[in-house]
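Worth knowing before you read on, the calculation uses all heavy atoms, side chains too, and leaves out hydrogens, waters and symmetry mates. Order of the sequence lines sets the chain letters (A, B, ...), proteins ahead of strands, with each chain counted from 1.
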Protein chains: 2
Amino acid sequence: MAKSGRIERRTDALSKERIIGAAVEILDSGGESGLTFRALAARLATGSGAIYWHVKDKDELLATATEEVIDRVMREAIQEADPRKAIRAVALGLFDAIDAHPWAGAQLSRAPWQPAVGRIFESIGGHLDALDVPDRALFDAASALVHYILGAAAQNAANARLAPHDTDRTEFLSAMIERWTAPDPAGFPFLHRIAARFQDHDDREQFLAGIDLILAGVGATR
Amino acid sequence: MAKSGRIERRTDALSKERIIGAAVEILDSGGESGLTFRALAARLATGSGAIYWHVKDKDELLATATEEVIDRVMREAIQEADPRKAIRAVALGLFDAIDAHPWAGAQLSRAPWQPAVGRIFESIGGHLDALDVPDRALFDAASALVHYILGAAAQNAANARLAPHDTDRTEFLSAMIERWTAPDPAGFPFLHRIAARFQDHDDREQFLAGIDLILAGVGATR
DNA sequence: ACCTGAACACCGTTCAAGT
DNA sequence: ACCTGAACACCGTTCAAGT
């Protein structure tokens with residue numbers, strides 16, 4: 001990766017890879033607010049200014065860390081013969097990755113021009129193509145899926161961060177409906193109607209149901 | 001709104017409403033990074049500490065500003081007899097609002113437990129109900145639509161912020177595909193295939209196409 | 001009750017100085 | 001070439017002091 005072919009001076013030398021690795025660890029354990037140049041420098045046993053030799057600024061730090069994490073999922077993506085299954089697998093892989101790294105979900109929605117979004121687009125689009133989606137509808141369908149996947153995953157991850165541990169998930173969701181409807185008890189017939197389902201739903205399953213809905217729509221409009 | 005029924009001492013007194021109004025103005029003109037307590041205090045001709053008397057912290061500031069902006073759209077929502085048209089109208093209203101206030105889109109994805117999300121859910125769900133979606137599918141369909149709307153709108157708004165003015169939109173999108181595919185020219189057959197469409201597509205139309213795709217899926221799985 | 005503004009404990013980023 | 005760490009120009013938030 002270095003310009004010259006010379007050997008490294010010492011094995012523990014700073015490098016962009018090591019910096020990003022440490023950044024991912026800090027982001028995972030301390031969230032977005034935990035990632036500071038001081039904390040990163042401390043973990044790498046260096047000065048904060050040293051990081052700037054390898055990384056332009058905090059934005060690049062966050063963007064590269066996100067690339068790292070998404071790259072991992074996209075590489076691991078299980079090969080599925082059936083295009084629908086393949087799309088579901090990619091979607092679920094991204095959902096789980098963003099659930100594990102909520103900061104990556106926020107970053108992708110904030111900067112959807114990131115290369116990772118291009119790779120996701122390519123993967124989803126390629127599978128849709130194999131599904132014989134007509135040329136005219138192909139781009140719209142891929143775009144809808146990518147927007148849905150990234151949006152739903154980011155929102156879910158944010159929600160999951162807020163919720164206490166799973167024991168009282170039902171209670172937590174019930175309180176959410178209550179807070180939403182309390183200002184106008186008669187104004188939320190729909191929310192009251194689905195309240196029971198809301199409290200007990202599984203985020204992952206519902207996410208997949210959304211994927212299936214879009215895929216059904218793709219099939220229906222063919 | 002005040003606890004006592006007494007008249008206000010002076011018309012220019014600080015209030016949560018005035019603070020939020022100023023915050024929205026700053027956010028719209030200077031973006032999320034422009035909103036600081038110092039800037040807000042300066043615009044309101046007061047000390048930064050005064051704001052804390054009316055607002056808990058910066059998070060509440062951002063959340064309340066978002067409520068304000070979303071409330072506006074949801075109130076203005078044109079009454080449509082046809083449920084599909086109504087859903088499209090609500091979706092498009094939100095898309096435009098988030099396009100005009102990108103910070104609100106980011107906030108909604110970051111904090112989807114906000115009351116505004118409950119109101120959006122209620123509106124979309126109510127219209128789906130009128131569409132005779134079976135009970136079992138109702139919640140999943142509403143959830144998919146809300147996640148898609150908020151996700152797509154946030155991602156679009158972020159993108160729109162980055163792009164230069166419309167003159168060279170085609171050029172901008174073309175450069176994006178180029179950046180995405182350059183690292184591996186043979187690895188992106190799908191992106192190359194849709195490149196022409198990508199450069200010329202309209203974000204608003206494509207957003208609506210996604211809504212229609214989900215609605216078609218809802219109809220197909222009935 | 002409400003406002004003022006200095007003070008505190010942080011940030012990201014720069015840069016002269018070192019090796 | 002790469003690293004150090006103090007310095008700078010900011011932040012959000014608190015709080016004694018005012019009215």
Side-chain angles (χ1 to χ4, degrees), chain A residues 1-27 29-66 103 106-107 110-111, chain B residues 1-27 29-66 103 106-107 110-111:
Chain A
M1 200 68 70
K3 266 258 174 77
S4 79
R6 308 196 144 277
I7 47 160
E8 309 298 324
R9 260 186 298 266
R10 33 173 200 161
T11 41
D12 67 331
L14 225 47
S15 69
K16 188 158 178 181
E17 290 79 50
R18 275 194 68 218
I19 292 171
I20 299 304
V24 168
E25 285 173 27
I26 292 177
L27 285 163
S29 62
E32 221 157 324
S33 68
L35 182 67
T36 68
F37 278 83
R38 281 165 180 83
L40 193 52
R43 176 174 289 241
L44 292 164
T46 183
S48 59
I51 297 165
Y52 283 91
W53 186 263
H54 301 272
V55 158
K56 188 178 166 283
D57 54 17
K58 193 165 184 184
D59 204 63
E60 184 180 315
L61 208 52
L62 220 36
T64 313
T66 301
W103 48 270
Q107 170 65 19
R110 191 189 304 137
Chain B
M1 203 63 76
K3 267 256 175 74
S4 79
R6 311 197 140 277
I7 47 160
E8 308 298 327
R9 262 187 297 267
R10 34 173 200 159
T11 40
D12 67 331
L14 225 47
S15 68
K16 188 160 178 180
E17 290 79 49
R18 276 193 68 220
I19 292 171
I20 299 305
V24 169
E25 285 174 26
I26 292 177
L27 285 163
S29 61
E32 222 156 323
S33 68
L35 182 67
T36 69
F37 278 83
R38 281 165 180 82
L40 192 52
R43 176 173 290 239
L44 293 164
T46 184
S48 59
I51 296 165
Y52 283 90
W53 185 263
H54 301 272
V55 159
K56 188 178 167 282
D57 54 16
K58 192 165 183 184
D59 204 63
E60 184 180 316
L61 208 54
L62 220 36
T64 313
T66 301
W103 47 271
Q107 170 66 18
R110 191 189 305 138

Between I19(A) and T64(A), is the side-chain contact (heavy atoms from CB on, under 4.5 Å) condition met? List the steps. CA-CA 10 Å; I19(A) 292 171; T64(A) 313; over 6 Å; no

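For the atom pair CD of E60(A) and CD1 of I51(A), the computed distance is 12.5 Å after rounding to the nearest 0.5 Å. Atoms CD1 and CG, from I26(B) and L35(B) in turn, are 5.5 Å apart once rounded to the nearest 0.5 Å.
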Assign a letter to each nucleotide of nucleotides 14-19 of chain D from its 5' end: B, base within under 4.0 Å of a protein heavy atom; S, sugar-phosphate only; -, no contact. BB----

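Here the shortest heavy-atom pairing between L44(A) and A22(A) reads CD2-CB, 3.9 Å. The nearest pair of heavy atoms linking A23(B) to L40(B) is N-CD1, 3.7 Å. Nearest heavy atoms, F37(A) versus L61(A): CZ-CD2, 4.2 Å. Contact detail for R18(A) and A13(A): the closest heavy-atom pair is NH1-O, 3.3 Å. Shortest non-hydrogen contact noted between E32(B) and R110(B) is OE2-NH2, 2.8 Å. Shortest non-hydrogen contact noted between S33(A) and G30(A) is OG-O, 4.0 Å.
Going from atom NE2 of H54(B) over to atom P of dG12(D) covers 18 Å, rounded to whole Å. When rounded to the nearest whole Å, the span between CD1 of I51(A) and C1' of dG12(C) equals 11 Å. With rounding to whole Å, K16(B) atom NZ is found 14 Å from dC2(C) atom P.
Between D57(A) and A45(B), the residue anchored nearer the 5' end of DNA chain C, judged by the nucleotide with its closest heavy atom, is A45(B).
Within the 3.5 Å criterion, the main-chain N or O of L62(B) finds no donor-acceptor partner in the side chain of D59(B).
DNA chain C forms stems at C:4-8 with D:12-16, C:12-16 with D:4-8, each a run of 3 or more consecutive Watson-Crick or G-U wobble pairs whose two key distances fall under 3.5 Å.
OP1 and OP2 of dC3(D) both lie 4.0 Å or more from every side-chain N or O belonging to W53(A).
Taking 4.5 Å as the limit, some side-chain heavy atom of V24(A) sits within range of a side-chain heavy atom of W103(A).
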Show me the protein contacts with nucleotides 8-11 of chain C, counting only N or O atoms at under 3.5 Å.
residue : atom : partner : partner atom : Å
dC11(C) : N4   : R38(A)  : NH2          : 3.4

